[in-house]
Amino acid sequence: MSETEFDVPGEVDGAHVPSLFERSPVLIVWLFAFALALVMAFVVSSNGSFSDAGFDPYSFGEMGKSIAEGNGFEGFGSLITRRAPLYPILIGGVFFVSGDSTRLMLFVHCLLFAGTAALACDLGRRHFNPRTGVIAGLLCALHPLLIRYVPSLHLETFLTFLVTLMIWCTYRFWQRPTVINGALVGITAGAAALTKAVVLLYPVVFIVAFLLTIRAARRRGESTLTPWRAMIVMLVALGLTITPWTVRNYRSTDHFVLISTGASDAFLRGFIFSRVEYVTLQEPPYTAAENESNAYFERLAEEAGTVWQQDDYETDQILNEEAKRRLLNEPVQVARKTVVGLFAFWYQLTSLANSLLVLAAAVVAWALAIIGWRRARRESLAVWPFLLPVFYLNIVLALLLALGRYSAPILPALLIVSAYGVDTLLARWWPRDA
């Protein structure tokens, strides 16, 4: 028998047979992330001990229980105290099916966490190469900030999935700016904004960036049409997605509130959370800074002749006036807290140990992303669809209140570019065609 008659592993008649990993990298990444999340949720930390302030510090579970029992948001304020509605509605739906089972809700978190890793994998493989996709998915699955919220009723796991899905849709729109893809961007962005309102303006920012790419292409002599109808549909879909909640807010308060109040609340808290003792974790920000902020707001309400949080809309108006006063009269302090917030966004958590771990992960991610960006630039591959949401959320929250957990939703986008940096380093001793 000649040498050529022997079967070579991975080959049929001399042709390479792709492995399961090569044929289904997104599925493999999803399974790995799902298994890891299950272990985290039901073995390592079934009571949310690894997350900020415990299992359900913001009463999302209680809100979900109220919804499941048919009482809606009764007892949680006319504007549900600065919260957006979609996450408690999700919990309410799960509780309605399961009978107040937090274990089933954690199982849903595991599915969402795995979905985030799979979306990052798909984006990485589509835009760069299959190995980058796998690396991006694994980086998401193993990132300490992303997995720490799986075993608790924090909204970060749900929000991170929705933001990553929105970025996946904007990528599809960038590749094919059709009306359907525009509608998908609007719907997913609306869902993300109904989970945390700070996402609301991102489609507008994306459209501006997209128009700039069209302008640059025309300067290079390329014939490029502007998909005005698709972009209008995107904004219309966004508006229609949030409109039911806006109508509900108006009926509840007799005032126009798009999604939620809280911008002034966050802006004013930022002055306190950005002080040296809190950003250096000499004092615990999630307790000491929070208590100091609450005392500050209680004093403002007392000076206005009312009680803080007695009425959501009234409280918001009082804080709006104070925010305007400080914005106009204390520009240096506003600038200081914004600059500090640009960095605190990447690490400020409940303890020094947790903060240092997340800070180290952020530094490594950015270092690898810079390597990936430099290679992408040499190869004329755009990275702005991934980095734009990162800069958007970082800057917006630095202007308001920047805490470490707020960076979770855009970490998958950053890690996709980081993965390309890892692929660049691996290519030196493990080339893809080896």
Side-chain angles (χ1 to χ4, degrees), residues 10 16-37 110-147 150 157 160-176 181 184-185 188 361-362 364-390 408-434:
H16 176 71
V17 178
S19 66
L20 177 62
F21 215 130
E22 292 173 308
R23 284 185 279 118
S24 306
V26 176
L27 175 61
I28 298 299
V29 165
W30 188 92
L31 290 172
F32 174 79
F34 183 58
L36 191 62
C110 294
L111 294 173
L112 294 168
F113 177 79
T116 298
L119 287 169
C121 176
D122 189 54
L123 283 168
R125 76 179 181 88
R126 286 176 183 271
H127 192 62
F128 295 112
N129 56 61
R131 186 165 70 185
T132 295
V134 172
I135 295 169
L138 295 179
L139 288 177
C140 289
L142 295 169
H143 198 286
L145 186 61
L146 296 179
I147 200 168
V150 171
T157 298
T160 301
F161 171 77
L162 288 176
V163 169
T164 308
L165 180 60
M166 177 190 72
I167 294 168
W168 186 84
C169 289
T170 59
Y171 179 82
R172 285 175 58 88
F173 183 89
W174 176 53
Q175 295 291 299
R176 294 187 62 198
N181 286 338
L184 289 174
V185 172
T188 54
V364 171
W366 272 109
L368 292 170
I370 291 172
I371 295 173
W373 168 76
R374 292 181 63 183
R375 176 185 171 190
R377 188 177 181 184
R378 291 194 303 269
E379 298 176 351
S380 298
L381 287 172
V383 295
W384 71 265
F386 309 117
L387 293 185
L388 183 66
V390 177
I410 46 77
L411 279 174
L414 175 64
L415 292 174
I416 292 167
V417 186
S418 301
Y420 198 47
V422 175
D423 181 75
T424 302
L425 298 177
L426 289 176
R428 296 178 181 177
W429 60 83
W430 185 21
R432 287 187 299 277
D433 57 354

On a heavy-atom basis, which atom in [X] and which in [Y] lie closest, and how many Å separate them?
{"X": "Ile135", "Y": "Ala419", "result": "CG2-CB, 3.6 Å"}
{"X": "Val185", "Y": "Thr188", "result": "O-OG1, 3.1 Å"}
{"X": "Phe113", "Y": "Cys140", "result": "CZ-O, 3.8 Å"}
{"X": "Arg125", "Y": "Pro25", "result": "CD-CG, 4.2 Å"}
{"X": "Val163", "Y": "Pro409", "result": "CG1-O, 3.4 Å"}
{"X": "Val29", "Y": "Ala117", "result": "CG1-O, 3.8 Å"}

Pairwise side-chain contact, [X] with [Y], heavy-atom cut-off 4.5 Å (strictly under):
{"X": "Ile371", "Y": "Arg375", "answer": "no"}
{"X": "Tyr420", "Y": "Asp423", "answer": "yes"}
{"X": "Trp366", "Y": "Val390", "answer": "yes"}
{"X": "Val150", "Y": "Cys110", "answer": "yes"}
{"X": "Ile416", "Y": "Phe128", "answer": "yes"}

Hey, could you give me the [atom1]/[atom2] distance between [X] and [Y], rounded to the nearest 0.5 Å?
{"X": "Ile410", "Y": "Leu387", "atom1": "CD1", "atom2": "CG", "value": "10.0 Å"}
{"X": "Trp168", "Y": "Leu123", "atom1": "CH2", "atom2": "CG", "value": "8.0 Å"}
{"X": "Leu112", "Y": "Thr116", "atom1": "CG", "atom2": "OG1", "value": "7.0 Å"}
{"X": "Leu415", "Y": "Leu146", "atom1": "CG", "atom2": "CG", "value": "7.0 Å"}
{"X": "Leu119", "Y": "Ile167", "atom1": "CG", "atom2": "CD1", "value": "9.5 Å"}
{"X": "Gln175", "Y": "Thr170", "atom1": "CD", "atom2": "OG1", "value": "10.5 Å"}

If the plane angle is over 60° it's perpendicular, under 30° parallel, otherwise tilted; pick one for His127 and Tyr171.
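Perpendicular, since the angle between the ring planes exceeds 60°.
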
Parallel, tilted or perpendicular: which describes the rings of Trp384 and Trp174, with under 30° parallel and over 60° perpendicular?
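Perpendicular.
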
Determine, step by step, whether Val134 and Ile28 satisfy the side-chain contact (heavy atoms from CB on, under 4.5 Å) criterion, reporting the C-alpha distance in whole Å, the side-chain angles of both residues, the deciding distance to 0.1 Å, and the verdict.
CA-CA 9 Å; Val134 172; Ile28 298 299; over 6 Å; no

